[in-house]
Amino acid sequence: MSRKLVRGLLRERCGFDGLVVSDDLEMGAIADGVGVAHGAVEALRAGVDLLLISHRDDRLAEAHAAIRQAVVSGDLPLERVEEAGHRLDVVLERFDPSGGRPTIDNTLRCEAHLDLLAELGASIDELSEDPTERWRIKAG
């Protein structure tokens, strides 16, 4: 949420123009400190482009409402939100030049990933619907 860090150091001093992704805004320091909704607005204002809110739908809805209200009130410039959206679009375009959203078919099965799997001696058929499934801890 630091404008000095994201805009000043990362963007201006280092010249980074890529997508900046937050850590999960539901971590205790944010959720129990300033709150997820306020943290989302502050992170966007600081220059973060993609906000992670990964556990509770109610907090996601609150953050969305807070961002919308901040834009409507002029507290968060619409241009900043559009800039973040543009950076996300650039990343998405890398995965699917047709402009669609990433799917397992156009990301995991892209040429670079298939080449890597071949190099590792693996097959795309070995992946389940959820590629993280093999790392889940089974209950019980």
Side-chain angles (χ1 to χ4, degrees):
M1 294 188 317
S2 169
R3 185 176 176 92
K4 283 184 179 181
L5 182 64
V6 179
R7 291 243 180 228
L9 179 64
L10 189 62
R11 298 259 187 237
E12 294 169 13
R13 188 166 175 200
C14 294
F16 181 73
D17 193 37
L19 186 72
V20 175
V21 181
S22 75
D23 205 337
D24 192 343
L25 296 179
E26 290 185 278
M27 293 186 331
I30 303 298
D32 299 337
V34 299
V36 174
H38 182 70
V41 172
E42 291 302 312
L44 275 171
R45 184 179 292 119
V48 174
D49 302 308
L50 181 61
L51 307 171
L52 300 182
I53 301 171
S54 62
H55 296 296
R56 291 182 30 194
D57 288 340
D58 61 322
R59 286 182 170 165
L60 178 62
E62 290 167 5
H64 183 262
I67 293 165
R68 173 175 237 160
Q69 180 56 41
V71 170
V72 168
S73 72
D75 193 37
L76 177 64
L78 178 60
E79 294 78 20
R80 168 76 271 273
V81 177
E82 290 171 340
E83 174 187 47
H86 173 72
R87 284 197 180 101
L88 181 58
D89 287 342
V90 167
V91 170
L92 293 174
E93 181 71 21
R94 273 187 68 197
F95 289 103
D96 183 7
S98 69
R101 295 293 185 219
T103 66
I104 285 179
D105 283 336
N106 65 19
T107 54
L108 291 180
R109 290 185 176 96
C110 74
E111 186 176 339
H113 288 159
L114 292 174
D115 289 347
L116 178 60
L117 282 171
E119 187 178 318
L120 297 172
S123 161
I124 197 73
D125 296 328
E126 295 172 28
L127 295 176
S128 66
E129 279 286 319
D130 179 356
T132 65
E133 186 65 33
R134 71 177 76 178
W135 295 286
R136 291 179 193 262
I137 297 172
K138 305 287 184 196

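Computation of the quantities below employed the complete heavy-atom set of this structure, encompassing side-chain atoms and omitting hydrogens, waters and symmetry-equivalent molecules.
Considering every non-hydrogen atom in both Leu25 and Ser22, the closest pair reads CG-OG, 4.1 Å. When all heavy atoms of Arg11 and Arg7 are compared, the closest pair comes out as CB-O, 3.3 Å. Between Ala46 and Ser2, the closest heavy-atom pair is CB-C, 3.7 Å. Considering all non-hydrogen atoms of both residues, Val20 and Val48 come closest at O-CG1, 3.6 Å.
Interatomic distance, NE2 of His64 versus CG of Leu51, reported as 11.0 Å (0.5 Å rounding). We find the CG-CG distance between Leu19 and Leu88 to be 6.0 Å, quoted to the nearest 0.5 Å. The NE2 atom of His86 sits 10.0 Å away from the CG atom of Asp49 when rounded to the nearest 0.5 Å.
Although no hydrogens or angles enter the test, the distance criterion places a donor-acceptor pair under 3.5 Å between the side chain of Arg45 and the main chain of Asp75. In this structure, Arg80 contributes its side chain and Leu44 its backbone to a donor-acceptor pair below 3.5 Å. Using a distance-only test at 3.5 Å, with no hydrogens or angles considered, a donor-acceptor pair links the side chain of Glu26 to the main chain of Ser54.
Linking Ile, Leu, Val, Met, Phe, Trp and Tyr whenever their side-chain heavy atoms come within less than 4.5 Å puts Met1 and Phe16 in one cluster. Under the 4.5 Å side-chain heavy-atom criterion for Ile, Leu, Val, Met, Phe, Trp and Tyr, Leu10 and Leu52 are members of distinct hydrophobic clusters. Put simply, Leu60 and Val36 are part of the same group of oily side chains (I, L, V, M, F, W, Y) that touch within less than 4.5 Å, one to the next.
Partner Val41 forms a side-chain contact (heavy atoms from CB on, under 4.5 Å) with one of Val71, Ile67, Val34 and no other, that one being Ile67.
In this structure the side chain of Asp24 reaches within 4.5 angstrom of the side chain of His55, judged on heavy atoms.
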